Amino acid sequence: MRAGPFEVAVAALWGLVAWLWAGGDLPGWWVPTACVLLWVSVPLVVVDVRHQRLPDALTVGVLPLLSAALAVAALGGGGWALVLRALVGAGVFLAVHILVAALRPGALGGGDVKLALPVGAVLGVLGVEALLLALVLASVITLVLIASVPRWRRGAPHGPGMLGAACVLAVTAV
């Protein structure tokens, strides 16, 4: 049985996490969270790029998976303050996305708003700076997509930007 492109992408990303952990750049207690985020991001990005939507079938399962990974991180050495930072980050990131969706209808889809909760939890653990940087980086990635893909001139999917920013920060900002 051959590995498909999703499996290859996830394996390469997990290899990066293993390399960072082995080099001492990523604490062991954070590895499960980084791996779960990278794992769920691959199909979410592909579906959003192909269909310009993040269906509930994919977004709803992300919250319990990342919540479990964050609980493992707290128990594994991150400490219980990590849980508080995750809750604050989830609330702030969700609030910002709800506000953008309300002020600019059509700028974000419902899937983007739903995904902001678990992604914000991961970013919240990394700190306020990570939340702010993720908002800026996600917007930049989305603008680059709009500028580079003619069919997205009226709006590009935001999931790739949000998840791309979160993934980069998850493996570099701990």
Side-chain angles (χ1 to χ4, degrees), residues 3-14 16-17 32-71 73 86-126 130-173:
F6 290 151
E7 292 87 354
V8 171
V10 171
L13 292 168
W14 283 1
L16 172 65
V17 169
T33 302
C35 285
V36 169
L37 178 64
L38 293 167
W39 175 55
V40 300
S41 293
V42 170
L44 285 166
V45 167
V46 170
V47 167
D48 206 12
V49 165
R50 286 184 182 168
H51 305 286
Q52 285 193 274
R53 63 183 305 261
L54 292 168
D56 287 346
L58 293 178
T59 58
V60 171
V62 173
L63 182 59
L65 289 171
L66 282 173
S67 296
L70 288 168
L87 290 172
V88 170
V92 168
F93 211 62
L94 178 61
V96 168
H97 282 78
I98 289 172
L99 183 63
V100 169
L103 294 176
R104 185 102 202 292
L108 298 175
D112 298 317
V113 174
K114 291 173 195 164
L115 194 57
L117 187 69
V119 171
V122 172
L123 294 167
V125 171
L126 303 174
L131 281 167
L132 296 173
L133 184 56
L135 289 168
V136 172
L137 185 55
S139 297
V140 168
I141 292 169
T142 302
L143 289 172
V144 167
L145 289 174
I146 290 170
S148 60
V149 180
R151 68 184 172 138
W152 290 339
R153 292 286 190 252
R154 293 188 179 152
H158 184 64
M162 182 179 5
L163 291 163
C167 289
V168 167
L169 291 167
V171 298
T172 61

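Nothing here was measured: the structure is a model prediction, and the numbers come from that model.
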Sequence neighbours left out, cut at 3.5 Å: what donor-acceptor pairs do the side chains of residues 118-125 make with other protein atoms?
none

*Got a sec, which residues hit side-chain hydrogen bond (donor to acceptor under 3.5 Å, both in side chains) with H97, two or more places apart in sequence or on another chain?*
none

Show me, pair by pair, the donor-acceptor contacts under 3.5 angstrom made by side chains of residues 156-172, not counting sequence neighbours?
from : atom 1 : to   : atom 2 : distance (Å)
H158 : ND1    : T142 : OG1    : 3.0
T172 : OG1    : V168 : O      : 2.7

_Atom pair CZ/CG of F93 and L131 - distance to nearest 0.5 Å_ = 6.5 Å

*Name all residues meeting the side-chain hydrogen bond (donor to acceptor under 3.5 Å, both in side chains) criterion together with S41; count only those two or more places apart in sequence or in a different chain, and write none if there are none.*
none

*Report the residues that fulfil side chain to side chain contact (heavy atoms under 4.5 Å, CB included) with I98, sequence neighbours left out, ordered by chain and then residue number.*
L94, V113

*Would you mind listing every salt bridge (Lys or Arg N to Asp or Glu O under 4.0 Å) that reaches into residues 35-62, with sequence neighbours excluded?*
D56-K114

_Derivation and outcome, side chain to side chain contact (heavy atoms under 4.5 Å, CB included), residues L44 and V62_ = CA-CA 10 Å; L44 285 166; V62 173; 3.9 Å; yes

*Minimum heavy-atom distance between L117 and A90, given as atom pair plus value*: O-CB, 3.3 Å

_Check: W152 main-chain N/O paired with Q52 side-chain donor or acceptor under 3.5 Å_ = no

*What pair of heavy atoms forms the shortest contact from P64 to G61, and how long is it?*
CD-O, 3.3 Å

*Work out which heavy atom in L66 is nearest to a heavy atom in L37; give both atom names and the distance.*
CD2-N, 3.8 Å

*Considering all heavy atoms of both residues, which atom of P150 and which atom of S148 are nearest to each other, and what is their separation?*
CD-O, 3.6 Å

*Using a 4.5 Å cut-off on heavy atoms from C-beta on, say whether the side chain of P55 contacts that of L58.*
yes

*Spacing of T33 atom OG1 and L38 atom CG [to the nearest 0.5 Å]*: 10.5 Å

*Just wondering, are more than 12 heavy atoms of other shown residues or ligands nearer than 6.0 Å to CZ in R151?*
yes

